Protein chains: 2
Amino acid sequence: MNLKELSRALELSQTTVSRALNGYPEVNAETRQRVEEMAAKLGYAPNQQARRLATGRAMSIGHVVPRSLHEMMNPVFMEFIAGAGEAYSQHGYDMIISVVGDQDVEDAYREIASRKKVDAVMVHGPRIGDNRPALLAELGLPFLIHGRIPGLEKTTSWIDVNNGQAFERATNLLLDLGHRRIALLNGLEDMDFAARRRAGFEKAHADRDLPVDPKLLRAADMTEPYGADSALSMLRQKAPPTAFLVSSMITAIGVARAIGLCGLKIGRDISVITHDDALSFLPNSGEVPIFTCTRSSVRHAGSRAAHLLIEKILPDPTTLVSEYLESELIIGQSTGPHQAN
Amino acid sequence: MNLKELSRALELSQTTVSRALNGYPEVNAETRQRVEEMAAKLGYAPNQQARRLATGRAMSIGHVVPRSLHEMMNPVFMEFIAGAGEAYSQHGYDMIISVVGDQDVEDAYREIASRKKVDAVMVHGPRIGDNRPALLAELGLPFLIHGRIPGLEKTTSWIDVNNGQAFERATNLLLDLGHRRIALLNGLEDMDFAARRRAGFEKAHADRDLPVDPKLLRAADMTEPYGADSALSMLRQKAPPTAFLVSSMITAIGVARAIGLCGLKIGRDISVITHDDALSFLPNSGEVPIFTCTRSSVRHAGSRAAHLLIEKILPDPTTLVSEYLESELIIGQSTGPHQAN
DNA sequence: TTGAAAGCGTTACCAT
DNA sequence: ATGGTAACGCTTTCAA
């Protein structure tokens with residue numbers, strides 16, 4: 001069923017039918033009604049490819065995912081995608097995901113741009129000194145960054161959690177509880193979010209003139225064994241930490257495992273605060289959440305990001321938008337006062 | 001840069017240029033060379049939308065993801081997507097992901113079909129009595145199932161792990177170690193894979209004329225708290241299990257947490273075997289893997305699925321393919337002989 | 001308020 | 001081996 005057939009069935013021109021269906025004002029109300037009914041009856045839907053060619057709009061948003069990003073951000077990324085995907089659907093946009101090797105990111109963007117596959121792209125996992133904004137500007141591809149790139153906050157569009165403040169508050173909570181040896185198990189610090197978290201951690205210490213022990217700082221891919229191995233070795237050193245601040249639930253689970261292996265009790269002997277991206281398969285909720293955490297729904301971030309991209313940036317690609325997302329500090333069972341020994 | 005401009009620059013017809021670029025045999029070798037060089041020099045790439053319209057092929061594969069599926073399968077799904085995505089790229093296909101409400105799956109497929117958005121779809125999370133194959137057949141959309149649907153094994157194309165056999169082997173390992181009270185923490189059993197795992201578990205018992213205690217069987221979304229809560233309550237009952245067979249690493253981590261909370265040691269006091277989908281952010285490897293597991297890379301599954309879909313099914317949609325994936329039984333630190341008390 | 005017809009950028013058929 | 005031209009199915013400009 002295509003436009004020609006539909007218009008023949010209605011004994012109208014393709015022009016009128018198209019206009020009726022696309023909400024053009026000059027169409028007679030009852031004509032429009034007739035058209036819509038017939039279209040529904042015959043199950044007509046405009047061919048996407050033809051419409052794309054005619055309008056020059058791809059009606060899709062691209063996500064280029066370098067493999068290394070995916071490796072480490074896998075579950076977080078998926079949750080973001082889920083949020084964004086729903087928003088795209090609501091606006092009639094398709095989501096195109098390209099999984100490419102780390103070396104092929106630039107090629108992928110160039111290809112996407114020259115073939116006009118998408119109207120805009122979402123940029124994931126911004127790093128310090130990230131050159132994607134420059135490339136995308138050159139290619140004329142509108143984009144929105146999930147996160148920020150230092151130095152480009154004013155000249156790019158982004159949506160981000162206030163990571164620095166969240167980790168500063170979490171650190172202060174631990175300091176208020178009397179902890180003085182707090183370990184930070186961070187994500188890789190060439191990622192902007194991780195750098196900001198570390199800065200927040202250090203600021204909380206600096207504000208009280210407290211030192212930070214470099215032996216208590218780690219940064220790596222946020223896996224479960226990373227948490228377990230790091231916590232284990234730190235807890236076994238001569239001056240062990242009494243609290244951990246951790247960048248992801250998965251890593252925190254590893255920390256909890258290590259604490260158990262040492263015969264200690266989380267919340268009583270050792271305090272743990274983790275960032276919680278509110279992943280659906282890792283619920284940290286209920287009456288009392290397992291982990292005290294800084295929580296921010298990455299799924300909601302995806303949804304907001306998609307809306308901003310479609311509603312603000314696409315209509316006028318010169319628009320710059322930036323938005324902060326809420327982050328809560330939630331008290332669970334994994335924190336308690338420092339125990340003097 | 002479009003075909004018209006390129007052909008003008010070459011002083012050739014669009015026809016010839018198109019043929020040269022698309023590898024048609026009748027083109028003079030040196031002409032082709034000239035064309036290719038010029039195309040590279042000018043950075044020409046055929047407009048995807050125009051090509052799609054002209055060929056009638058969308059050059060994309062669709063993934064319709066119901067929200068509920070995504071909720072529970074999130075990390076597994078993402079890993080599959082990563083594998084499939086790479087394969088699509090290699091073949092020049094785009095991956096379109098539609099995240100929709102559970103009620104809107106059928107509509108989504110109908111829309112996709114009538115707008116000719118994709119050439120084929122991948123079906124995720126097959127359930128018992130799943131009606132998607134019938135719908136897709138009606139819509140004329142070629143498809144491949146990740147998993148199988150009971151009763152449709154012979155009439156649909158699919159790729160699957162031998163879940164039943166994997167869990168039967170795992171159960172036998174535990175039985176060989178002397179365990180007689182083995183708990184099964186399964187995924188939701190209206191999902192085909194979970195039903196097959198349970199069948200394998202029961203078969204291993206039946207083959208030795210051993211009973212299965214219904215109190216030791218659970219089925220739910222495979223979250224971490226599900227594992228922890230289930231294990232906790234089972235370990236506290238009067239006749240506790242001495243071993244757990246678990247459907248996912250995440251749930252197994254919960255089980256490990258519960259075992260620790262009970263003051264027991266995994267592998268010594270309580271044995272655990274889990275299925276391991278080889279998720280990149282949950283590595284279970286190293287010298288000695290933490291968990292004894294049945295392992296099968298879901299990422300590899302995605303890759304194979306994409307290849308089969310593109311190479312076998314798309315060229316001839318009447319083709320039926322089915323493929324079993326390897327699953328290894330890997331001994332880790334979480335299993336040991338039954339301790340007589 | 002409606003319609004005819006010209007694109008949109010390819011591919012593919014039919015000539016030459 | 002190469003070129004002319006008609007699709008592909010829609011949107012949009014120009015006329016009426």
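The structure displayed is predicted, hence computed values, not measured ones. Chain letters run A, B, ... following the sequence lines, proteins first and then strands; every chain starts at 1. All heavy atoms count here, side chains included; hydrogens, waters and symmetry mates do not.
- Contact between the side-chain N/O atoms of B:T16 and the OP1/OP2 oxygens of D:dT2 is not found at any separation under 4.0 Å.
- To the nearest angstrom, C1' of D:dG9 lies 11 Å from CD of A:E5.
- D:dG3 atom C1' lies 16 Å from atom CZ of B:R8, rounded to whole Å.
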Could you encode protein contacts along nucleotides 11-16 of chain D as a string, one character per nucleotide from 5' to 3', using B for base contact, S for sugar-phosphate-only contact and - for no contact, with a heavy-atom cut-off of under 4.0 Å? BBB---
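- The pair B:D107-B:R110 fails the salt-bridge criterion, with no side-chain N (NZ, NE, NH1 or NH2) lying under 4.0 Å from an Asp/Glu carboxylate O.
- Ion pair A:R115/B:D94 not flagged as a salt bridge, since none of the NZ, NE, NH1 or NH2 atoms sits closer than 4.0 Å to an Asp/Glu carboxylate oxygen.
- The NZ-C1' distance, from A:K4 to D:dC8, rounds to 10 Å in whole Å.
- The nearest heavy atom of DNA chain D to B:R32 and to B:L53 marks one nucleotide each, and the one closer to the 5' end goes with B:R32.
- Note on ring orientation: taking the six-membered ring where Trp is involved, the planes of B:H307 and B:H91 are perpendicular (angle over 60°, cut-offs 30° and 60°).
- Ion pairing between a basic and an acidic side chain is recognised when a charged N comes within 4.0 Å of a carboxylate O; B:D119 and B:R57 show no such pairing.
- Under 4.0 Å is where a charged nitrogen must lie from a carboxylate oxygen, and between A:R67 and B:E86 at least one such pair does.
- Remark: A:K117 NZ is packed, more than 12 non-hydrogen atoms of other residues, nucleotides or ligands lying under 6.0 Å away.
- Annotation for A:E26: atom CD counts as buried by contact number, over 12 foreign heavy atoms lying within 6.0 Å.
- By the 6.0 Å contact criterion, CD on A:E5 is enclosed, its count of non-hydrogen atoms from other residues, nucleotides or ligands being greater than 12.
- In 5' to 3' order, the nucleotides of DNA chain C bounding all contacts with chain A (an atom under 4.0 Å from a heavy atom) are C:dT1 to C:dG9.
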